[in-house]
**Student:** 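Dropping a structure here in C-alpha cells format, bear with me for questions.
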There are 4 protein chains.
Amino acid sequence: MKLRIDLKSTIPVYRQIVDGLRILLVNGELNAGDQLPPVRRLALDLGVHFNTVAESYRTLAEEGWLDIERRNGARVVPRAVPSRADPQTEETFQRRLRELVAEVQSHGFPRGRIARELRQLAENLERS
Amino acid sequence: MKLRIDLKSTIPVYRQIVDGLRILLVNGELNAGDQLPPVRRLALDLGVHFNTVAESYRTLAEEGWLDIERRNGARVVPRAVPSRADPQTEETFQRRLRELVAEVQSHGFPRGRIARELRQLAENLERS
Amino acid sequence: MKLRIDLKSTIPVYRQIVDGLRILLVNGELNAGDQLPPVRRLALDLGVHFNTVAESYRTLAEEGWLDIERRNGARVVPRAVPSRADPQTEETFQRRLRELVAEVQSHGFPRGRIARELRQLAENLERS
Amino acid sequence: MKLRIDLKSTIPVYRQIVDGLRILLVNGELNAGDQLPPVRRLALDLGVHFNTVAESYRTLAEEGWLDIERRNGARVVPRAVPSRADPQTEETFQRRLRELVAEVQSHGFPRGRIARELRQLAENLERS
DNA sequence: GTGGTCTAGACCACG
DNA sequence: GTGGTCTAGACCACA
C-alpha cells in the first residue's frame, strides 16, 4: 500500500488518505476487485486511528470507488464511470490549477520547470 | 478587483483571497507599485470582515508580494523571486498536481480535456 | 420460495430473510402446516451461510410463526395472533411509518404517489 | 426542537436524529432559512455526544436539506427538490412499506387499525 | 475478525 | 463560539 501521510500538514489526515488512494485508483494501481486492507490494519501501518481510515474508505465508497461490506472489508468496485462531469467542474479545475501554479511560482519554483511538469503529466494522461 | 469569494466553500475565506490575488500577481495583472484597495473597501466589496482581508494582505506580505505601511495601505513591491525554490517544493507540487487531477478525473472530467488544460497552461507560462 | 436478498445492503441478511418470510406469512402465501425448506437448502438458494437462515427461522419461531423440530425442519403453525398488541406498538408504528414516508419524499418521490401506495395497501389489508 | 431519541434502540442514534429531523423538514415544521441549534447544544439536550449530532447534520447536508457553514452553524436550505426520484425508489418503498406492515401485524396490531393509519397519513400527504 | 457506533475530550481553524 | 478533526478505546452486530 504505497501511501504516505504527513501528520503535520494542515490538510486533514483522512483527506490525505482519500487523495492518495484516489491517485492509485485513477492510475490503475488499484483495480476492480482488489481488496483493501482492513481499516485497523491500514491505520496501524499509517500510525493513525482506525476511525480516520474508516472515514476515508467511506468517502471513497460514496464517490463510487469502493464497495464496503460489513464483514468483508473494502473492495475496489468495477467503477461505473461517472459518465457526466459536473458542468461546474471544468471552471473549478481551471481555477484550482491556476491557484496551485501561482502558489508554487510564489515559492520560487521557476516557470519553465512548472511548464515541464504540466506537459509531462498531460502526456501521461493521454498515453494511459 | 477581479476576485470572487465563495462563502460556502470549506476553503477558508482568507485563503481564497490570497489565492485569488496571487494569480493576479503572477499574471502581471497587478504590478510593482500598484496600490491595493484598503482592507475595509475590499472587505465591503467581498462581503467579508475586514480582518479577513487584512489577514490575507499580511500573508502576501510575508510571501514578499506586498508592502504594508501603517497609514498608506498595501502596495505591490518589485518582487525578487526567492532565488531558489524550497527543495521540497517540487515534490509537493507534483503530488498536489496529481491529487488535483485524480480528483477531477474522479468527477468524470475526461482525460483528454484535462491534458488540454495542462498543455494550455504550460504554454501560457512559457510565453509570458 | 419467493425471496430476494441484497448482500450489499446495510440491513442484516437475517433480517431481510425474516422480513421477507413474514410478508409471505401475513399474506397467506405460506399457510399453517406448510413445510419450510431446510436451512441448508434455502441458504444455498440465497447464497448465504446456513446459520444465517437458521437464525431467521429461530426469530420467526419466537414470534410464534414457526414450529421448529429437531429433525423435522420448520413448519408454519396455526398462529394465534397475540391477542393484544404491545401498547407501545401503535406509537412506534406511526413513527416508523412517518420516517419511511419522509425518507422517500426526501428522495423525490411525489406525495401523490406515496398517498396512492398507502391507500392501495390499506385496501388490500381490509379485503383479505 | 421536538425530537426524541431512544438510546436503547438498536437503530443508531445518529440515524434517529436524521429520521426525526427529516420528518420536521418534510412537514414544514422546519423551513428554509431556519437556524438549527449548534451541535453541542442539541447534543446536550438529547444527552448524546456532539459528534453524533454533527454526523446527523452532515448526513442531512449531503441530502441537500441543510447548509452547514463552519462558523455559522447549520441552516435549512431552500431545498432544491430532488427533481427526479430514483427509479428504484418506488419498488424499495413498496417493499419496505409491506415489511413494516407485516411486522406490526406480527405483533398483533389489527389490520383495521393499520389500514386506518395508512389512510390517515395518505390524507395528510394530499392536504398539505 | 470485519466494519459500525458512540463517548470523552483535546486541539484546531476560522472570523 | 462555531464546526471539524483526531485519538483512545469500549461495545455491538454480523457471519
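In what follows, chains carry the letters A, B, and so on, assigned in the order in which the sequence lines appear, proteins first and then strands, with residues in each chain numbered from 1. Small disclaimer: the values here were computed from a predicted structure and weren't measured.
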**Student:** Name the pairing partner of F:dC14, where a pair is Watson-Crick or G-U wobble with both distances under 3.5 Å, or state none.
**Tutor:** E:dG1
**Student:** Could you check whether D:Asn72 gets within reach of a base, just the sugar-phosphate, or nothing at all, counting any heavy atom under 4.0 Å?
**Tutor:** nothing
**Student:** Heavy atoms under 4.0 Å, any strand shown: does C:Val13 hit a base, just sugar-phosphate, or nothing?
**Tutor:** sugar-phosphate
**Student:** For the pair made of CZ in D:Arg75 and C1' in F:dT2, what is the distance, rounded to whole Å?
**Tutor:** 13 Å
**Student:** Which is more 5' along DNA chain E, the nucleotide nearest D:Leu7 or the one nearest A:Glu69? Just name the residue.
**Tutor:** A:Glu69
**Student:** Once you round it to whole Å, what is the distance between C1' of E:dA13 and CZ of D:Arg71?
**Tutor:** 8 Å
**Student:** Nearest whole angstrom, please: distance from the P of E:dG1 to the CZ of A:Arg41.
**Tutor:** 14 Å
**Student:** Using a 3.5 Å distance criterion without hydrogens, assess whether the side chain of D:Gln16 forms a donor-acceptor pair with backbone atoms of D:Arg4.
**Tutor:** no
**Student:** For A:Leu44 and F:dT7, give me the distance from atom CG to atom P, rounded to whole Å.
**Tutor:** 12 Å
**Student:** Check the phosphate of F:dT2 against D:Arg70, side-chain N and O only, distance under 4.0 Å to OP1 or OP2. Yes or no?
**Tutor:** no
**Student:** Starting at the 5' end of DNA chain E and moving along, which residue's nearest nucleotide shows up first, D:Tyr14 or B:Pro12?
**Tutor:** D:Tyr14
**Student:** If I take atom NE2 in residue A:His49 and atom P in nucleotide E:dG9, what distance separates them, rounded to the nearest angstrom?
**Tutor:** 16 Å
**Student:** Is it true that a side-chain atom of B:Thr52 and a backbone atom of B:Tyr14 form a donor plus acceptor pair closer than 3.5 Å?
**Tutor:** no
**Student:** If you only use heavy atoms from C-beta on, which nucleotide in E:dT5, F:dG3, E:dT2 is closest to the side chain of A:Asn51?
**Tutor:** E:dT5
**Student:** Using the rule given for side-chain contact (heavy atoms from CB on, under 4.5 Å), can you reason through B:Glu55 versus B:Asn51, listing the C-alpha separation, both sets of side-chain angles and the distance that settles it, and then say yes or no?
**Tutor:** CA-CA 6 Å; B:Glu55 171 69 19; B:Asn51 268 337; over 6 Å; no
**Student:** Once you round it to whole Å, what is the distance between C1' of E:dT5 and CG of D:Asp6?
**Tutor:** 15 Å
**Student:** Which part of the nucleic acid, if any, lies within contact of A:Val48, taking any heavy atom under 4.0 Å across all strands shown: a base, the sugar-phosphate backbone alone, or nothing?
**Tutor:** sugar-phosphate
**Student:** Could you point out which residue of A:Val26, A:Asn27, A:Asn31 forms a side chain to side chain contact (heavy atoms under 4.5 Å, CB included) with A:Glu29?
**Tutor:** A:Asn27
**Student:** Would you please confirm or rule out a distance under 4.0 Å between OP1 or OP2 of E:dG4 and any side-chain N or O of A:Arg58?
**Tutor:** yes
**Student:** I need the NZ-P distance between D:Lys8 and F:dC12, as an integer number of Å.
**Tutor:** 15 Å
**Student:** Quick check: closest heavy atoms across D:Ser106 and C:Glu63, and the distance to 0.1 Å?
**Tutor:** OG-OE1, 3.0 Å
**Student:** A:Thr52 side chain N/O closer than 4.0 Å to the phosphate oxygens (OP1, OP2) of F:dT7?
**Tutor:** yes
**Student:** Between D:Gln35 (CD) and F:dG3 (C1'), how many Å, whole number?
**Tutor:** 12 Å
**Student:** Is there a donor and acceptor pair, one atom on the side chain of D:Arg40 and one on the base of F:dG3, closer than 3.5 Å?
**Tutor:** yes
**Student:** Taking for each residue the nucleotide of DNA chain F with the nearest heavy atom, is it A:Phe50 or A:Arg15 whose nucleotide lies nearer the 5' end?
**Tutor:** A:Arg15
**Student:** Pick the nucleotide of DNA chain F nearest each of A:Ile11 and C:Ile11; which residue has the one closer to the 5' end?
**Tutor:** A:Ile11
**Student:** Would C:Arg58 and C:Glu62 count as a salt bridge (Lys or Arg N to Asp or Glu O under 4.0 Å) here? Give the steps.
**Tutor:** CA-CA 6 Å; C:Arg58 244 174 277 130; C:Glu62 270 170 28; over 6 Å; no
